[in-house]
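Here's the structure, in structure tokens; my notes come after.
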Amino acid sequence: MEKLSGLSHLFMTIFLHNFSTFMVIPAITDVTMSALCPGRDQCSLAIYLTGFQQAIIGLGTLVTMPLIGNMSDKYGRKVLLTVPMSLMIVPSAILAYGRTRNFFYAYYVARTLIAMLSEGSVHCLALAYVADNVPESRRASTFGILTGIASSAFVCGNLSTRFLSTPSTFQVSASVAIAALVYMRLFLQDSIIDEQLTTPILTYKGIGKGKGKAIEQLTTPILTYKGSGKGKANAGCCANEIPSKDVRVFKSAPSLEDMLCLLKSSVTLSQAAVVAFFYSLAEVGLHASLMYYLKAQFHFSKDQFADLMVISGIAGTVSQLVIMPILTPALGETRLLAVGLFFTCVHVFLYSIAWTFWVPYVAAMFSILFVFSHPCMRSIVSKQVGSCEQGKAQGCISGISSFANVISPLVFSPLTALFLSEGAPFPFPGFSIMCVGFASVRAFTLWFVSTEQQPKLNLFYNELPVISSKRPVI
């Protein structure tokens, strides 16, 4: 754990940011219902507005996430972290001042516009920062620790919400968001600036503490073909020769063709992208529907939502900080991702058939196993690209997830509103959540089948000839 001390400022920044973000989640459903449908436990308008907001946010992040990831490779992670962390203060500050209908609509508009730019970007940039400074052999466990830090912030934020009033919740959230921004600007050291990579924070064995090998300059090709199934490049997308320093390696805004080229550079990367799409489709669909479902079915309020999230967060934190570092070397990221996806299916289906109020609490405890999915997926992605394009790769996967964020609310929010209303085709309030479960099953089966076929695909790619491209390196 001593070797992780170099990432301590990043961990603290992520903790404070996520504490601020997560602590408002249990309260926002009650605020929305009170503003739009006072005194009611079911409100189709609230469900539709929430779904529309998530779809618009997903549409915005679909464009901005690859851009932010790619720009961070050039201008540095710290500069790009400053923008979303500054903007995310505004929505909480609005509800800290007032929660009437007019203030709610002001929050709704501000949250939508700001999240189109910044939703998920802090975590994406943090993953790229870790990849800059941690060797491949330790990335999966370090990604797990990073997600565990976020989960611990999730627990602390929701636990504090349990004992705070609604006005105090938003006031504390805005204050902690400001503290996170100030801390990051004062203490976090950048890892990439002016197209140069700094020395890794985490050094390899045999090198003295605090000293590390210089990382390869960004004048090497972004995509290099190594002739292995795990290859980090597609020969059809880039030249086989090292470009001169005069070639501009990065563009500020990667095109769709650039993203497709990156995905085609590795079979594993393209498979992970498809799995990330269906996983995000299920994840966003569950979050869009679950709290309204629980409020209508079991009359949950802010305190019950907080309890549920604390249970899930504690299980996830213990898993990622204790269990995952032990299991990753033994099983590997590929098998651990399959385990996480399987238990994602189990916990979603359990929510959908909940027959009494305590069943959601049992489902939340499966967080101890399904939390493996995200860090394992990101670690697998990071190993498919070179050190100079970590931001681009993580931004690409986040952009694909954002595309799922657009589709998911448009599909599942109307289903949720329909089956929670009195005009439901048949009495099954959890039907929309069961449909979410089918999306998670698709993610699991795709990954399971791809891992079975991987040895054959690797053999095929090893036999491919190296083809030079006349196109300049992007």
Side-chain angles (χ1 to χ4, degrees), residues 18 22 25 120 123 127 140-141 143-155 158 272 274-291 293-294 305 307-328 330-354 359-381 397 401 404-405 408 412 430 432-448 450-451:
N18 282 282
F22 289 138
I25 295 177
H123 190 66
L127 290 168
S141 58
F143 282 171
I145 291 170
L146 178 66
T147 311
I149 296 294
S151 295
S152 64
F154 181 84
V155 172
N158 285 288
V274 176
V275 171
F277 172 80
F278 283 101
Y279 177 78
S280 296
L281 193 71
E283 185 180 39
V284 174
L286 180 66
H287 292 165
S289 307
L290 182 60
M291 287 195 285
Y293 163 70
L294 294 176
F305 291 141
D307 293 339
L308 194 67
M309 293 175 186
V310 166
I311 292 171
S312 178
I314 290 175
T317 302
V318 171
S319 178
Q320 290 169 114
L321 295 180
V322 179
I323 300 175
M324 190 173 173
I326 297 172
L327 291 181
T328 302
L331 298 178
E333 299 100 319
T334 301
R335 291 190 183 93
L336 213 55
L337 175 56
V339 171
L341 291 173
F342 174 77
F343 282 99
T344 297
C345 305
V346 173
H347 109 280
V348 172
F349 282 122
L350 193 56
Y351 275 129
S352 70
I353 60 171
V359 176
Y361 295 102
V362 175
M365 294 179 68
F366 279 97
S367 173
I368 201 168
L369 294 169
F370 71 72
V371 291
F372 297 149
S373 303
H374 193 267
C376 286
M377 191 183 307
R378 294 293 186 157
S379 176
I380 289 168
V381 168
I397 297 299
S401 299
N405 293 358
S408 187
F412 296 118
S432 63
I433 295 179
M434 179 166 282
C435 293
V436 169
F438 295 142
S440 63
V441 168
R442 183 59 176 160
F444 169 70
T445 54
L446 282 170
W447 186 250
F448 184 80
S450 69
T451 54

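For the numbers below, each heavy atom of this structure counts, side chains included, while hydrogens, waters and symmetry mates do not. Bear in mind the structure is a predicted one, so any value in this text is a computation, not a measurement.
- At least one side-chain heavy atom of Y361 sits under 4.5 Å from a side-chain heavy atom of L308.
- A donor-acceptor pair is defined here as one N or O able to donate and one able to accept, closer than 3.5 Å; such a pair exists between the side chain of S152 and the backbone of I149.
- No side-chain donor-acceptor contact under 3.5 Å links S408 to the backbone of A404.
- Side chain of Y351 to main chain of L286: no donor-acceptor pair is present (N/O by atom type, distance under 3.5 Å, no hydrogens or angles).
- For the pair Q320 (side chain) and G316 (backbone), a donor-acceptor distance under 3.5 Å is present.
- The closest side-chain heavy-atom distance from L327 to V339 is not below 4.5 Å.
- Summarising the geometry, atom CG belonging to L127 is positioned 5.5 Å from atom CG belonging to L146; distances are rounded to the nearest 0.5 Å.
- The shortest heavy-atom contact between S319 and V371 is OG-CG2, 3.6 Å.
- Contact record, A272 with V381: CB-CG2, 4.0 Å, taken as the closest heavy-atom pair.
- Of all non-hydrogen atoms in F349 and S352, the two that sit nearest each other are O-OG, 2.7 Å.
- The environment of M365 atom CE is sparse: at most 12 non-hydrogen atoms of other residues, nucleotides or ligands sit within 6.0 angstrom.
- To the nearest 0.5 Å, atom CG of residue L331 and atom CE of residue M324 are 10.5 Å apart.
- For the pair V275 and L341, the tightest heavy-atom approach, listed with the atom from each and the gap, is CG1-CD1, 3.9 Å.
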Please evaluate residues F305 and L294 with respect to the criterion side chain to side chain contact (heavy atoms under 4.5 Å, CB included), reporting the C-alpha separation (whole Å), side-chain torsions for both, the decisive distance (0.1 Å), and the verdict.
CA-CA 9 Å; F305 291 141; L294 294 176; 4.1 Å; yes
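- Among all heavy-atom pairs drawn from I397 and A276, the shortest one is CG2-CB, 4.0 Å.
- Remark: the backbone N or O of G340 is paired with a side-chain donor or acceptor of T344 at under 3.5 angstrom.
- Considering only residues two or more places apart in sequence or on other chains, T147 meets the side-chain hydrogen bond (donor to acceptor under 3.5 Å, both in side chains) condition with none of them.
- In this structure, OG1 in T328 is found 12.0 Å from CZ in F143, a value given to the nearest 0.5 Å.
- The two atoms that bring I145 and L321 nearest to each other are O-CD2, 3.7 Å, heavy atoms only.
- Between atom OG1 of residue T334 and atom CE of residue M377 there is a gap of 11.5 Å, rounded to the nearest 0.5 Å.
- The line from NE2 of H374 to NE2 of H123 is 4.5 Å long, rounded to the nearest 0.5 Å.
- Applying the side-chain hydrogen bond (donor to acceptor under 3.5 Å, both in side chains) criterion to S379, with sequence neighbours excluded, gives E333.
- Once rounded to the nearest 0.5 Å, the distance linking CD1 of I380 with CH2 of W447 reads 4.0 Å.
- Remark: S432 engages T416 in a side-chain hydrogen bond (donor to acceptor under 3.5 Å, both in side chains) (not counting sequence neighbours).
- Qualifying side-chain hydrogen bond (donor to acceptor under 3.5 Å, both in side chains) partners for S401, counting only residues two or more places apart in sequence or in other chains: S280.
- The ring pair (Phe, Tyr, Trp, His ring centres under 6.0 Å) check on F370 picks up H347, with sequence neighbours excluded.
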Show me the donor-acceptor pairs, under 3.5 Å and distance only, between side chains in residues 438-445 and residues at least two apart or in other chains.
{"residue": "S440", "atom": "OG", "partner": "G437", "partner atom": "O", "Å": "2.6"}
{"residue": "T445", "atom": "OG1", "partner": "V441", "partner atom": "O", "Å": "3.1"}
{"residue": "T445", "atom": "OG1", "partner": "R442", "partner atom": "O", "Å": "3.0"}

